[in-house]
Amino acid sequence: MLDQVRQRIRRLGLARRTEEAYVGWTRRFILANDKRHPTEMGAPEIERFLTSLAVDGSVSASTQNQALSALLFLYKQVLGVELPWLDGIERAKKPQRLPVVLTRPEIAALLGELTGTPWLMASLLYGAGLRLMECVRLRVKDVDFGKGELIVRQGKGGKDRHTMLPGTLVAPLQAQMEEARRIHQRDLDAGFGRVWLPDALVRKYPRANAEWGWQYVFPASVRSCDPRDGEERRHHLDESRLQRAVKQARVRAGLAKPATCHTLRHSFATHLLEDGYDLRTIQELLGHADVSTTQIYTHVLNRGGRGVMSPLDRG
């Protein structure tokens with residue numbers, strides 16, 4: 001059953017992390033029901049499973065909805081079973097929370113506690129509005145120093161977009177890419193140097209995976225075996241390294257706000273709004289599908305409380 005889920009996900013070209021999540025939820029659902037086959041179960045079992053997650057597991061609404069999406073995929077896409085009651089199951093209501101945003105001095109303090117590759121990557125998150133995985137998956141060919149821009153490939157929702165390359169990061173990024181080139185050359189000399197390519201491009205362009213342009217800007221320190229085909233390659237840097245570095249930097253900087261890597265992206269959007277850039281431009285830079293998603297950053301324009309001055313401050 002789990003192999004069928006994997007095969008269907010790969011057939012539809014869904015993300016690797018989607019595969020891991022859906023396979024995991026399918027396994028948990030089957031084990032929670034004494035290893036019964038999904039075709040023997042229905043709405044009561046799914047409702048009971050989701051309720052158990054909320055009551056016993058105290059998971060968030062987004063986690064409940066991910067589990068429901070996995071089960072919907074299992075029944076509709078894998079088993080090919082059209083069950084009307086599936087559409088009637090309500091999703092958990094996600095609470096509307098405001099993003100954590102750092103002030104400019106707080107950003108400077110945070111980045112000031114970072115050095116080397118973590119500093120460069122965190123600076124890109126803030127300076128270009130990148131998501132964490134968009135940064136670690138950045139490839140050499142998608143950095144355009146001439147135009148001063150980055151091309152984000154296969155971002156959230158499978159969309160490509162352009163965003164700026166901060167001028168202050170040009171020299172550090174060039175130095176990082178030179179180091180990546182030296183690593184790539186050593187791999188080639190050792191008989192390796194082939195990187196993973198998306199969408200079976202390696203069959204269309206058999207030699208492209210060894211070309212410099214396809215290599216990761218932030219390569220891993222060691223080669224590893226790809227779990228999908230067993231081939232030894234050099235993947236991109238593990239994102240957890242940057243997450244740990246940012247967390248440690250936040251503590252050293254004495255910041256009380258629960259800042260994470262994604263906080264840098266929130267701060268990027270908010271500070272652009274403060275500088276007078278319009279929502280549509282910022283929406284394109286962030287890759288939001290709807291401008292209403294971008295509008296959440298207007299809550300910190302100029303001053304707190306929706307930009308309204310307190311009567312106490314007027315004297």
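Please read all numbers here as calculations on a predicted model, not as lab measurements. All residue numbers in this chain count up from 1 along the given sequence.
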What class does the angle between the rings of Y297 and H266 fall in, given that below 30° is parallel, 30 to 60° is tilted and above 60° is perpendicular?
-> tilted
Taking H236 as the fixed residue, which of W196, W214, Y216 is the one that meets the ring-ring contact (aromatic ring centres under 6.0 Å, His included) rule?
-> Y216
D275/R104 ion pair, N-O < 4.0 Å | yes
Would you call R161 and E284 a salt bridge, using N to O less than 4.0 angstrom?
-> no
Have H37 and T39 got a donor and an acceptor in their side chains that come within less than 3.5 Å?
-> yes
Listed by chain and number, what are the side-chain contact (heavy atoms from CB on, under 4.5 Å) partners of Q7, not counting sequence neighbours?
-> D3
Does the side chain of R27 reach to within under 4.5 Å of the side chain of L2, using non-hydrogen atoms?
-> yes
Basic-acidic side-chain contact under 4.0 Å: R16, E19 | no
Q243 and S240: side-chain donor and acceptor closer than 3.5 Å?
-> no
Around K257, counting heavy atoms of other residues, nucleotides and ligands shown, do more than 12 lie under 6.0 Å from its NZ?
-> yes
N209 side chain near Q215 side chain, heavy-atom distance below 4.5 Å = no
Got a salt bridge between R17 and E239, using NZ or NE/NH1/NH2 to carboxylate O under 4.0 Å?
-> yes
Salt-bridge contact R36-E45 (side-chain N to carboxylate O under 4.0 Å) | yes
Only counting residues at least two apart or in another chain, list the ones meeting side-chain contact (heavy atoms from CB on, under 4.5 Å) with D144.
-> K147, E149
